[in-house]
Amino acid sequence: MRVVPSARPRKLAKVPFVELADGRLQGVVSSGSDIGRVYVSSVEAGTYAFSCSTNNNRPCGGARGAFCNHIRALIGEAVLQYGAERVARYLKVDVSGDSGEGADAHTLTFAMTSTHPAQGDKSAAAQVFSRFLRHLAYLEFAPSTAPLPEMHWFPTTGAVA
Amino acid sequence: MRADLLTDAVDGLDEALAAVDGFDQVLVGGLLRPQPAQAAGLAGLADAVAGSPLAGRTAEASEKTAAGAADEDHFLVLAAARTALLGSVHDALVARVEEAVGRPRAEETAAPGAGAEHPVNLLAAARGWLCDLARTGWQGIDHELVGGAAPVVTAMLPEPALRRLATLLDGFAAELAASCPGATLERIPVRRWADLWSRAMLLTLPGADRTAAVTEVTGRLLPLGVDLHEHATAVQAQVHAVFEPADGTTPRLVRAGVSAPKPDTVVGAGLWQLLRPHMSLLAAVSEGRAMELDAMPVTAEGDLLWDDAHATPGEPADAFVTARVALPTATAAPVTPVDRHPARIAVPVLIEGYTVEKEDDGLAFRVAGERLAVDAVRVPAAGPLTAEAVASSGACLGLLRWDAGEFVLQPLAVERTVRKKPVAVHAGAWAGGTADKAGVRAEKAATDAVTVLRERAGRLLRK
């Protein structure tokens, strides 16, 4: 009955936020060296135009001319969270092979980098940031004990072996 | 229980569902330029409600829609007609269940109570999006159209009175987004999406989601088990229980739920953590205790509007004892008209004396010669109850549901015999907390996820 499997649990320390929205794979990636720094990274669907900059709006040094490690980490975590097939479909990546089966973060990244994508414009960062805030807002809404009968359409899908 | 009644055909069921399916097929192609086949589906829906008060308006809406000249009100009438048809299916199925379990029938209907006024502009925005969906059809959906729900949901979520519609739209839109583009979709969940669509349409009517009239109850609450619901950005735990009024009147079947919006990365054991602080009943369920209620608000539909201030922990109470002793005497509450839908049927039952049959795609119980499919998928991952435990059980406390044309049993708890002693395993055992090793690990991972999210957000904000 459930159409969309729930996100698979993943560690959030490295990539606290990832989503497929606004025609991009986008998210927030923690800096490997500086605990006070995060990167806002994105890859556009279809063109694979990429962008990566810090929370202080400085361009990422690694993202000159090619995917940086932050974008690679972002793709890896997106595959963990959504599955390779869904990420490939959203980004319009043609992972050769039958219906994308057997595709993983490596084949996805390779398929995109081999088209030598261009650097996207940095304006995406502000939107990604606001999407992250929208995401966080879900932690702040007050729980309720009023019945939500609509949730009967969304059963948990747990112990299936 | 008379299991044979659950497998017997229900009169008129196939005809009603055929009319529903005919309409649902219309939404696959969309209503922008209706084709002859779609006109037939629309006419079928109008015919099916021809003997009801909806007849005239549905006939008009069906004609206008088939001619490609429908407005939002016409779509709303079609959604209402489809809901009424499924309401009749619900009633027939519930009558059958009550006969099978021998539970007295609730005669009166639950009257809607007073409710908060909704911001009408947000409801109109939601309806606009839903009508765009209907015109486009499932095969035509793309990310741009589906993304149109996001601003509506964002504006609705902080508004408690709009939580029902917001939560439904959020889950529905996420599901559609994951299925884009519709043109390349191999399988479309036709009835499910039509369900979600028509339900959301009805909830855009101001007042449609008002809770049934509220009274207060005092007495003892004996929990049976927990049913967990979740989509990417929401979770609800619903406790099914028998309530024994202090005045000695007939025990009642009641539910108590707690729900919360959540980020999609909080899953598994993290769900219990979000809900636990808001309902002491979850701890009582885990500990196997009753609770004493004092003037707890309850709707005419049997939903307790839980407030910890009106409840205190009571004596230990074994759910299986409750199911054997109290459950058969309890009456069920009536269902409000808008909530009458087969997907909402969840009747607590105790099944014993069955044999387990392992099938290719799951389990089934053979009860008094009849096959009853077991829906173990609905058992939460963050709990000790597994499909293996169900397969080796001798008694099963569960919810009788109706899905894809048959009754199925969703296990809430099972009893197994270990060294000649009965041992109970509850799906919701971790709801109030756990000492189980795997459980503790899962809980810690979930706590870390929330901590990391908050900490990283802090870094971003500190520009």
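Per chain, numbering begins at 1; letters A, B, ... match sequence-line order. Computed from a prediction, not measured in an experiment: that's the story for all the values here. What you see below is based on every heavy atom in this structure, not just the backbone, and it leaves out hydrogens, waters and symmetry mates.
- Of all heavy-atom pairs between A:Phe141 and B:Pro261, the closest is CB-CG, 3.5 Å.
- Heavy-atom pairs under 4.5 Å with chain A peak, among B:Ala446, B:Ala260, B:Ser259, B:Cys180, at B:Ser259.
- Both the backbone and the side chain of A:Ile35 come within contact range of chain B, judged by heavy atoms closer than 4.5 Å.
- For B:Pro160, no part lies under 4.5 angstrom from a heavy atom of chain A.
- When all heavy atoms are compared, the tightest approach of B:Leu453 to A:Pro16 is CD2-O, 3.4 Å.
- Classified by interplanar angle (parallel below 30°, tilted 30° to 60°, perpendicular above 60°), the ring pair A:His152/B:His229 is tilted.
- Looking at heavy atoms from C-beta onward, B:Asp448 lies out of side-chain contact with A:Lys11 at the 4.5 angstrom threshold.
- Using a 4.5 Å cut-off between heavy atoms, B:Asp227 contacts chain A through its side chain alone, with no backbone atom that close.
- Residue B:Ala150 touches chain A through both its backbone and its side chain, counting heavy-atom pairs closer than 4.5 Å.
- In this structure, the side chains of B:Arg192 and A:Trp153 come closer than 4.5 Å at one or more pairs of heavy atoms.
- Of the listed residues (A:Val18, A:Leu148, A:Leu12), the greatest number of heavy-atom pairs within a distance under 4.5 Å of chain B belongs to A:Leu148.
- Both the backbone and the side chain of A:Leu139 come within less than 4.5 Å of a heavy atom of chain B.
- More than 12 heavy atoms of other residues, nucleotides or ligands lie within 6.0 Å of CD in A:Glu140, so this atom counts as buried by the packing criterion.
- Side-chain N/O atoms of B:Arg163 and A:Ser144 include no donor and acceptor closer than 3.5 Å.
- Closest approach of B:Ala174 to A:Arg86, counting heavy atoms only: O-NH2, 4.5 Å.
- Top candidate by heavy-atom pairs under 4.5 Å with chain A, chosen from B:Pro158, B:Gly268, B:Ala404, is B:Pro158.
- The contact between B:Ala234 and chain A is made by backbone and side chain atoms together, counting heavy-atom distances below 4.5 Å.
- For the pair A:Arg134/B:Val153, a side-chain contact is recorded, criterion being any heavy-atom separation below 4.5 Å from C-beta on.
- The part of B:Val235 that comes within reach of chain A is its backbone (N, CA, C, O), which places non-hydrogen atoms under 4.5 angstrom from that chain.
- Heavy-atom minimum distance, A:Pro143 versus B:His278: CG-NE2, 3.1 Å.
- Contacts with chain A were tallied for B:Arg454, B:Gln238, B:Arg255; B:Arg454 has the most, counting heavy-atom pairs under 4.5 Å.
- In terms of heavy-atom pairs under 4.5 Å with chain A, the best-connected choice from B:Lys262, B:Arg401, B:Gln410 is B:Lys262.
- Residue contact with chain A, scored on non-hydrogen atoms closer than 4.5 Å, is absent for B:Leu275.
- The greatest number of non-hydrogen atom pairs below 4.5 Å with chain A, out of B:Leu304, B:Leu203, B:Asp307, B:Leu271, is found for B:Leu203.
- Residues B:Gln236 and A:Phe154 are not in side-chain contact: their nearest non-hydrogen atoms beyond the backbone lie 4.5 Å or more apart.
- For B:Leu165, no part lies near chain A; criterion is any non-hydrogen pair under 4.5 Å.
- For chain A, the nearby part of B:Thr167 is the side chain; its heavy atoms alone come within less than 4.5 Å.
- Contact between A:Ala146 and B:Leu305 at its shortest, heavy atoms only, is CA-CD2, 4.1 Å.
- Annotation: the span from B:His231 atom NE2 to A:Glu150 atom CD amounts to 10.0 Å, rounded to 0.5 Å.
- Under the 4.5 Å side-chain criterion, counting only non-hydrogen atoms from C-beta, A:Tyr138 is not in contact with B:Val266.
- Put simply, the side chain of A:Glu19 does not reach to within 4.5 Å of the side chain of B:Asp264, judged on heavy atoms.
- In this structure, chain A has a heavy atom under 4.5 Å from the side chain of B:Asp170, while its backbone stays farther away.
- Contact of A:Arg89 with chain B is made through the side chain alone, with heavy-atom distances under 4.5 Å.
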